[in-house]
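Before I ask anything, here is the structure I am working with.
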Amino acid sequence: EEKKKTGNHVVMSLSELSFYLEYQPLAGLAEKAGLNVDELNYVVCLVLAYPLSFVFRLLPTSAPNIRHLYALTVGLAFCLFCFREFSLHILFSSTVVYVMMLLDSSAKNIHWMVFWFMMPYLVGCHVYRWWFHYGEYVLDVTGPLMILTQKLTIMAYSLHDGVWSKRHDVKLDSLQQRNIISQRPSPLEFYAHVLFFPAFLAGPTHFYADYRDFIRGEGISQSVPFSFFTYLGKFLFAFVMIALSKAPGMLGFVLSFETMKDKAFHARHTFVFRVAYMWLTGLVTRMKYYFAWILADGANNLGGFGYNGRDDKGNPKWDLISNVNVFKVEFATSVKVVLDNWNIQTQKWLRYVMYDRTGSVFKTMLLSAVWHGVEPGFFLTFISASFYTTAARKWRETMRPKFLASIGQSGYDFITFISTCVMLNYMCMPFVLFDLQSGIQAWGNLYFFGHVGIVLVLLLVPAGKKKVKPTEVPLPVRPPSVPADQPQLAVDNEADTASKAAPPSPGTAAAPKSPGKKKAARKDD
C-alpha cells in the first residue's frame with residue numbers, strides 16, 4: 001500500500017504494521033539518495049561510530065565504569081535513533097536474562113534458561129517480521145536482537161562453565177575453558193556489554209571475557225597499539241565493497257537471484273552461462289555483508305577492541321573479533337575454509353553453544369537456520385548445507401589422496417576452488433530469495449545439480465578411514481579479574497585455583513590453535 005509523505009513524517013496505513021515508526025528524521029535525505037530509511041539510519045550510525053570510538057579510546061582503562069557508561073550511553077542513543085520504542089525488545093529481553101542470572105546463584109541451569117528464553121523470543125520477532133514483510137529485506141530491531149541472542153547465550157554458557165562446571169569438575173574443551181566467567185557482571189557492566197555501540201548494530205558478536213579484558217585493559221588488552229592505517233583501510237575497503245555491489249546496477253546490468261527462477265532466462269541461456277550468472281550474483285550479494293561487517297570491525301578496532309597480539313613479524317593483528325576474511329571466502333578450496341572465514345563470530349557461537357556440546361552437524365545447522373529467521377528459504381539453505389558438509393567431508397577423506405597422486409596439489413586446488421564457489425552460491429540462492437517456491441524454482445532451473453552431486457557422493461563414495469581424535473591441548477586460561485566491591489559467586493577453592501592460570505603474554509594471540517584443535521577442526525571438512 002502507498003505511503004503518504006509529509007516533510008519528514010511518513011504516514012502508514014493500519015494494515016502496514018511494521019517495526020518502523022511514523023517519524024523518520026532522515027526520510028527526506030533517504031528519498032533523495034534512493035535508499036530505504038532503515039538502511040540510511042544504519043550507515044549513519046556505523047560511520048558515526050568511528051569518531052565516537054576514537055573518543056572512547058581516550059578514556060582510561062583505570063576507570064572502567066566511565067568506559068562502561070560512555071559505551072552504554074552511545075549505544076542506547078543508536079538504539080533509540082534506529083528503532084525508537086522498539087528498543088524495548090532489546091531492553092526487555094536483556095533485563096529478563098539478568099534477572100535469571102540473579103535468581104540462579106549456582107549457575108546450574110542458567111545456560112539452558114537463557115538459551116530457551118532468547119531463542120523463542122527471537123523467533124517470535126522473526127515471525128512478526130515475516131508476517132508483515134514477507135519476501136522483503138528490511139533492517140529492523142531483529143538484527144541487533146540476533147546479535148544480542150548470541151552475546152547473552154555466550155555469557156550464560158560461560159557463567160555455567162565457570163561456576164557450576166568448574167565446581168563439579170566437568171571437563172571443558174579449550175574454547176570453553178578460555179572463556180569461563182566466575183562472577184556475574186554488575187548491572188552497569190552487563191548493559192554496557194549489551195549496548196556496546198561499535199558492535200551493536202552489525203556486530204561482530206564477541207565473548208564477554210574478551211570484552212571484559214578490553215574494558216579493563218587486562219590480558220592481551222594491557223598494551224594495545226594505535227594502528228591508524230588498519231582502521232582507515234577497513235573503513236575504505238568497506239565502502240569499496242558497497243560501491244562494487246552497486247556498480248552493475250548503475251551500468252544497467254541486473255544481477256539478481258530473482259532472475260534465476262525465471263523460465264524465460266532459463267530458456268535463453270546455456271547452463272554454463274546460468275551458473276556463471278549465479279556466481280556473479282552471489283558475489284555482489286555478499287559484498288553488502290562485507291560492507292557492514294568490515295565497517296563495524298574497523299570502528300571496534302579504532303576503539304581498541306579486536307587487538308589479537310602480534311604475528312611472527314611483529315606486526316599487530318586486529319582479527320580477534322573480525323567477522324569475515326573476504327579473499328579466503330571468495331577463493332576457498334573447501335567448505336571448511338568457507339565456514340572458517342564467513343560470519344566467523346557466528347560460527348564460533350554455533351560451535352560454543354551447540355556443536356561442541358552435541359557433536360551434531362544437523363542440529364548446528366538447524367540452530368543457524370532458526371537464528372537467521374523463519375523464512376522457508378533459510379531452512380532450504382541450511383538443511384541442504386548440513387548434507388553438503390557431510391558429503392564434502394566424506395569426499396575429502398576418501399578422494400583427496402587419489403586426486404593428489406594423479407593431478408598434484410595445484411590441480412586439486414583448482415578443481416576444489418571451482419566446485420566450492422559454485423556450490424556456495426548454489427546453496428545460498430534460497431537464503432536470499434526467502435520463500436520456498438522461489439528457492440525450489442531457482443534450483444530447478446539448474447536441474448538441482450548441487451543436490452544430485454551430494455547424493456552421488458553420499459551413496460557412491462566409500463567411507464574413509466576413521467581418524468582417532470587426539471587429546472586436545474588446552475588454551476591458556478584468563479586470570480580472574482574480580483573488583484574489590486564485586487561479590488564472587490559460590491565456587492569451591494579448587495575451581496578458584498584452577499581459574500588462576502597464567503594469561504597469554506601480550507605478544508601472543510589470545511587463542512592460539514593447538515595441534516589437537518586443528519585436527520578436530522579438519523574432521524568437519
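These numbers come from the heavy atoms of this one structure, side chains and all, not from hydrogens, waters or symmetry mates.
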* So, His160 side chain and Ala107 main chain: donor-acceptor pair closer than 3.5 Å or not? -> yes
* Are the side chain of Ser438 and the backbone N or O of Phe434 linked by a donor-acceptor pair below 3.5 Å? -> no
* **Gln176 side chain reached by Tyr157 side chain, heavy atoms, under 4.5 Å** => no
* Are the aromatic ring centres of His126 and Trp130 under 6.0 angstrom apart? -> no
* To do: Go through the steps to decide whether Phe239 and Leu295 satisfy the test side-chain contact (heavy atoms from CB on, under 4.5 Å), and finish with yes or no.
  => CA-CA 8 Å; Phe239 279 94; Leu295 191 62; 3.9 Å; yes
* **Beyond-backbone contact of Met365 with Ile383, side-chain heavy atoms, under 4.5 angstrom** => no
* Answer yes if the ring centres of His193 and Tyr208 are under 6.0 angstrom apart, and no otherwise. => yes
* Thr416 side-chain N/O to Thr333 backbone N/O, donor-acceptor pair under 3.5 Å -> yes
* Could you pull out the closest heavy-atom pair between Ile154 and Thr205, with the gap in Å? => CD1-CG2, 3.9 Å
* Structure fact -> Value for CD1 (Ile415) from OG (Ser410), rounded to nearest 0.5 Å, stands at 11.0 Å
* Structure fact -> In this structure, OG of Ser165 is separated from NE2 of His111 (nearest 0.5 Å) by 7.0 Å
* To do: Could you check whether the rings of Phe265 and Phe273 sit parallel, tilted or perpendicular, using 30° and 60° as the cut-offs?
  => tilted
* Asked: Roughly how far, to the nearest 0.5 Å, is the CG atom of Leu433 from the CZ atom of Phe378?
  -> 10.5 Å
* Would you find a donor on one side and an acceptor on the other, under 3.5 Å apart, between the side chain of Asn341 and the backbone of Val324? -> no
* Can you check whether Phe200 reaches Leu148 side chain to side chain, under 4.5 Å on heavy atoms? -> no
* Which atom pair, heavy atoms only, marks the closest approach of Thr381 to Cys428? -> OG1-CA, 4.1 Å
* Evaluate side-chain contact (heavy atoms from CB on, under 4.5 Å) for Leu283 paired with Met287, printing each intermediate quantity in order. => CA-CA 6 Å; Leu283 174 62; Met287 284 179 177; 4.0 Å; yes
* Asked: Is the backbone of His266 close enough, under 3.5 Å, to the side chain of Arg274 for a donor and an acceptor to pair up by distance?
  -> yes
* CA sep, side-chain torsions, deciding dist, call: Ser245, Lys288, side-chain hydrogen bond (donor to acceptor under 3.5 Å, both in side chains) -> CA-CA 7 Å; Ser245 73; Lys288 299 174 184 177; 5.9 Å; no
* Asked: Any donor-acceptor pair under 3.5 Å linking the side chain of Lys151 with the backbone of Val194?
  -> yes
* More than 12 heavy atoms of other groups within 6.0 Å of Phe449 CZ -> yes
* **Aromatic plane relationship, Phe327 with Phe331 - under 30° parallel, 30 to 60° tilted, over 60° perpendicular** => parallel
* Are the charged groups of Lys261 and Glu258 less than 4.0 angstrom apart, N to O? -> yes
* Asked: By side-chain contact (heavy atoms from CB on, under 4.5 Å), which residues pair with Thr346, not counting sequence neighbours?
  -> Gln150, Asn343, Trp349, Leu350, Trp371
* **Spacing of Ser53 atom OG and Leu302 atom CG [to the nearest 0.5 Å]** => 5.5 Å
* Asked: Stepwise, does the side-chain contact (heavy atoms from CB on, under 4.5 Å) test hold for Thr364 with Val361?
  -> CA-CA 5 Å; Thr364 305; Val361 174; 5.6 Å; no
* Asked: Can you tell me how far CZ of Phe229 sits from CG of Leu236, rounded to the nearest 0.5 angstrom?
  -> 11.0 Å
* Asked: Parallel, tilted or perpendicular: which describes the rings of Phe414 and Phe417, with under 30° parallel and over 60° perpendicular?
  -> tilted
* Taking Lys108 for the side chain and Trp164 for the main chain, is one N or O donor matched with an acceptor at less than 3.5 Å? -> no
* Asked: Counting distance only, does the side-chain N/O of Asp297 pair as donor-acceptor with the main-chain N or O of Trp293 below 3.5 Å?
  -> no
* Asked: Shortest non-hydrogen contact from Asp356 to Asp173?
  -> OD2-OD2, 3.0 Å
* Determine whether Leu367 and Tyr355 make a side-chain contact, defined as any pair of heavy atoms from C-beta on separated by less than 4.5 Å. => no
* Within 6.0 angstrom of Phe387 CZ, more than 12 heavy atoms from elsewhere -> no
* Side chain to side chain, Thr281 and Thr259, heavy atoms closer than 4.5 Å -> no
* Asked: Do Arg268 and Asp262 pass the salt bridge (charged side-chain N to carboxylate O under 4.0 Å, His left out) test, and can you show the C-alpha distance, the side-chain angles, and the key distance before you say yes or no?
  -> CA-CA 10 Å; Arg268 283 198 309 269; Asp262 183 9; 5.0 Å; no
* Asked: Salt bridge check: are Asp210 and Arg178 linked by an N-O gap of less than 4.0 Å?
  -> yes
* Report the distance from atom CZ of Phe207 to atom CD of Gln345, rounding to the nearest 0.5 Å. => 7.5 Å
* Counting distance only, does the side-chain N/O of Arg400 pair as donor-acceptor with the main-chain N or O of Trp395 below 3.5 Å? -> no
* **Counterpart residues, ring pair (Phe, Tyr, Trp, His ring centres under 6.0 Å), relative to Trp318 (two or more places apart)** => Tyr231, Tyr307
* To do: Determine, step by step, whether Asn325 and Ile344 satisfy the side-chain contact (heavy atoms from CB on, under 4.5 Å) criterion, reporting the C-alpha distance in whole Å, the side-chain angles of both residues, the deciding distance to 0.1 Å, and the verdict.
  => CA-CA 9 Å; Asn325 291 317; Ile344 298 170; 3.9 Å; yes
* To do: Examine distances only and state if a side-chain atom of Asp319 and a backbone atom of Ser322 form a donor-acceptor pair shorter than 3.5 Å.
  => no
* Nearest heavy-atom neighbours spanning Met146 and His372 -> CE-CA, 3.7 Å
* Is any side-chain heavy atom of Met427 closer than 4.5 Å to a side-chain heavy atom of Ile454? -> yes
* Asked: Do Trp279 and Ile418 have side chains that get closer than 4.5 Å, going by heavy atoms?
  -> yes
* Which atom names give the shortest non-hydrogen contact between Tyr447 and Val452, and what distance separates them? -> O-CG2, 4.2 Å
* To do: Please check if the distance between the ring centroids of Phe117 and Tyr121 is under 6.0 Å.
  => yes
* Within-4.5 Å side-chain heavy-atom neighbours: Val422 and Met278 -> yes
* Would you confirm whether the ring centroid of Phe214 sits within less than 6.0 angstrom of the ring centroid of His206? => no
* To do: Determine the minimum heavy-atom distance between Leu446 and Met260, stating which atoms define it.
  => CD1-CE, 3.7 Å
